[in-house]
Amino acid sequence: MDFRDSAADAAFRQEVQDFLAAEMPQGITQPDDAVLGVGTGEDERDMAWLKILAKRGWVAPAWPREYGGASLSIMHQFIYNEELARGRAPRPNFLAIGLIGPTIIVHGNEEQKKEHLSGILSGDTYWCQGFSEPGSGSDLASLQTRAVQDGDDFVINGQKIWTSGAHRADRMMLLARTDPDSPKHKGISAFVIDMHAPGVTVRPLTNMAEVHSFNEVFFDNVRVPKKDLLGELNRGWYVATTTLDFERSGIINAISLQELLKEVVAATKPLRYEATATAARHELADRFIETEVSIMLANRVASMQAQGLIPNYEASINKLYGSELAQRIACTASKLGGLFGQLGPDSPYAPMLGRIERMYRIQVGSTLAGGTSEIQRTIIAQRGLGLPRE
Ligand SMILES: Cc1cc2nc3c(=O)[nH]c(=O)nc-3n(C[C@H](O)[C@H](O)[C@H](O)COP(=O)(O)OP(=O)(O)OC[C@H]3O[C@@H](n4cnc5c(N)ncnc54)[C@H](O)[C@@H]3O)c2cc1C
């Protein structure tokens, strides 16, 4: 690919930069959690930013204009995301705007698009993704939550786990088994669930960074009207893979990681000693080069999309490399932060307001969320390198 901006791309990049300079309020930059997409979400801050984006028509610039987006080309979406990440702008309602809305646009009928997309754009409806279950994470197709037809409704029973944001959500995109007798990929359907419906119970799970970002969700005879079936009956697997494809591609992580690294470099500088300065410089240089590699990998995915190709194992390479790099950056930050780096936000001596130790713990999840590293490696081995299955 040609890495240089065309004249039109450069003009658009300038437009985004000017917008950020003029409109992004001071002090609303995203916390590191957002790099991982599991931000605890500071509602008021995010909502204020969402309203500013809405005024400019840039809440969901990738969506077609007819659904409230800006119909940006792939390259302009890439530039938009790149510039927002450079500016460390928050990503309000990220799951709904980045994954669920686009899935509804592909698989939903006109009524569903009308019902759900405007709430996502305005930030009035908050969504969660109900895919994983206690026995079904990597082997998602083995999920056991059941949806049984009863008159004009489906009746849902079962349990989901690790559901990010379920405690704040109004809607869930749920996968449930509708045909237990078919092969496992062919008996699943996707539904839109009203999280306030009778029979839905959300229980908090606190992660190892002591943040409540995900939950267990239980369904006890929850009635879902047929109109809320998303896509065709028993073809929910294809709906799910659409969502996962959106989840694994994207530039935001790579650029955000580089911005985070720059912050680590500055914050740990006063803590470095003469004797270890050279080793620290080498380690930081390695990390910086790796962020450049990560950006190149994201460029590759965008460039394929711009040519009408569908990235597959390329998106897995992106996800694998970016998530493992995030952990290496957290590790480098802890090492260079030394004992100070272990201090939390309450200490006046903590570099980066105590975010180093929190980042170290939070990033553990990055190689699990959205598909583990082992699963990504298998995809790369089989589809990318053409290695045999066993
Ligand atoms: C921060 C975070 C947020 C999340 N948010 C959501 C969410 O909002 N919604 C949602 O539905 N889910 C969510 N998840 C769940 C996530 O998708 C699963 O954790 C992930 O798919 C792994 O599944 P599992 O936890 O069941 O692990 P398992 O699948 O049980 O895997 C356990 C271990 O075995 C390995 N393994 C499994 N199968 C294979 C294989 N075939 N070959 C080699 N190794 C294998 C795995 O790599 C892993 O190391 C989230 C997870 C995290 C960490």
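Indexing begins at 1, ligand by ligand and atom by atom, following the structure's order.
Under 4.0 Å is where a charged nitrogen must lie from a carboxylate oxygen, and between Lys184 and Asp139 at least one such pair does. With salt bridges taken as basic N to acidic carboxylate O contacts below 4.0 Å, one links Glu357 and Arg361. A salt bridge is defined here as a Lys NZ or Arg NE, NH1 or NH2 lying under 4.0 Å from an Asp or Glu carboxylate O, and Glu374 with Arg377 fails to meet this definition.
Some N or O of Trp162 is nearer than 3.5 Å to an N or O of ligand 1, by distance alone. At least one N/O-N/O distance between Ser164 and ligand 1 falls below 3.5 Å. The N/O atoms of Ser132, backbone and side chain alike, include one that comes under 3.5 Å of an N/O atom in ligand 1. Geometrically, ligand 1 and Thr378 share no nitrogen or oxygen pair separated by less than 3.5 Å. The shortest N/O to N/O separation between Gln129 and ligand 1 falls below 3.5 Å.
Residues satisfying the side-chain hydrogen bond (donor to acceptor under 3.5 Å, both in side chains) criterion with Asn109, sequence neighbours excluded, are absent altogether.
Close approach of ligand 1 to Thr372 is summarised as follows: ligand atoms under 4.0 Å from at least one heavy atom of the residue are 22 (C), 46 (C), 47 (O). Taking a cut-off of under 4.0 Å to the non-hydrogen atoms of Phe131, the atoms of ligand 1 that pass are 11 (O). Interface of Leu368 with ligand 1, defined as ligand atoms under 4.0 Å from a residue heavy atom, comprises 20 (C), 53 (C).
The stretch residues 331-351 participates, sequence neighbours left out, in these salt bridge (Lys or Arg N to Asp or Glu O under 4.0 Å) pairs: Glu283-Lys335.
With Ser294 contributing its side chain and Glu290 its backbone, the two residues share no donor-acceptor pair below 3.5 Å.
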